[in-house]
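Because the structure is predicted, anything quoted here is derived from the model rather than measured.
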Amino acid sequence: MAVKKTSVKDLAEKAAAVKKPVEKKAEAVKAEVKAEVKKVEEKVAEKAEAVKAPAKAAEKKAPAKAAEKKAPAKAAEKKAPAKAAEKKAPAKKAAEAKVEFFVEYHDGQQSVDALVAKAKEVSGKKSIKALNIYYQPENNKVYFVADGTEGSFDL
């Protein structure tokens with residue numbers, strides 16, 4: 001078997017021949033990517049303009065409306081301060097509604113208020129800042145932590 005010797009010049013020519021089509025493909029891909037990027041940028045710009053246009057229109061309209069609303073609002077405030085107080089009072093009444101919460105398990109019923117009162121009583125403290133209560137109805141036991149002091153009682 002005879003081995004054909006190739007010169008460096010032949011190898012360089014072969015490499016150049018392979019390189020040319022690859023470079024052309026790479027350039028074509030780059031051109032396609034650039035075109036796609038331009039399309040995307042144009043769409044983004046259009047959407048940004050569409051978003052900005054209503055905002056600008058609203059800004060132009062808002063100052064005129066605000067000026068119109070300010071003058072009548074001041075006159076209304078002077079005429080009807082009693083009405084504003086009447087509107088606030090029913091809101092407070094709704095917030096002050098009493099809530100009764102009960103825990104029922106099997107044949108028993110326990111009021112949460114009663115559990116809180118009993119836990120405060122058993123803790124022996126006059127004023128409690130933080131009270132955590134854990135009720136286990138399956139064994140009729142209440143555990144509590146009053147300002148870091150643990151305790152429990154049976155129901």
Nearest atoms (heavy-atom pairs only) where Val22 meets Val18: CG2-O, 3.4 Å
Sub-4.5 Å side-chain heavy-atom contact between Tyr135 and Val103: yes
Heavy-atom side-chain proximity of Leu115 to Leu155 below 4.5 angstrom: yes
Atom NZ of Lys14: over 12 foreign heavy atoms under 6.0 Å: no
Nearest-0.5 Å distance, NZ of residue Lys118 to CD of residue Gln110: 10.0 Å
Any Asp113 side-chain heavy atom under 4.5 Å of Lys98 side chain: yes
Value rounded to 0.5 Å, distance of NZ in Lys30 from CD in Glu23: 9.0 Å
Under 3.5 Å: donor-acceptor pair, side chain of Lys120, backbone of Ile128: no
Validation row: Leu131, Val145 side chains within 4.5 angstrom (heavy atoms): no
Ser123 to Phe144 - nearest heavy-atom pair and separation: CB-CE1, 3.7 Å
Flag if over 12 foreign heavy atoms under 6.0 Å of CD, Glu150: no
Ser127 versus Asp147, closest heavy-atom pair with distance: O-OD2, 3.7 Å
N-O pairing of Asp154 and Lys141 below 4.0 Å: yes
Phe102 CZ: over 12 foreign heavy atoms closer than 6.0 Å: yes
Residue pair Val142, Val122: steps toward the side-chain contact (heavy atoms from CB on, under 4.5 Å) verdict: CA-CA 11 Å; Val142 177; Val122 171; over 6 Å; no
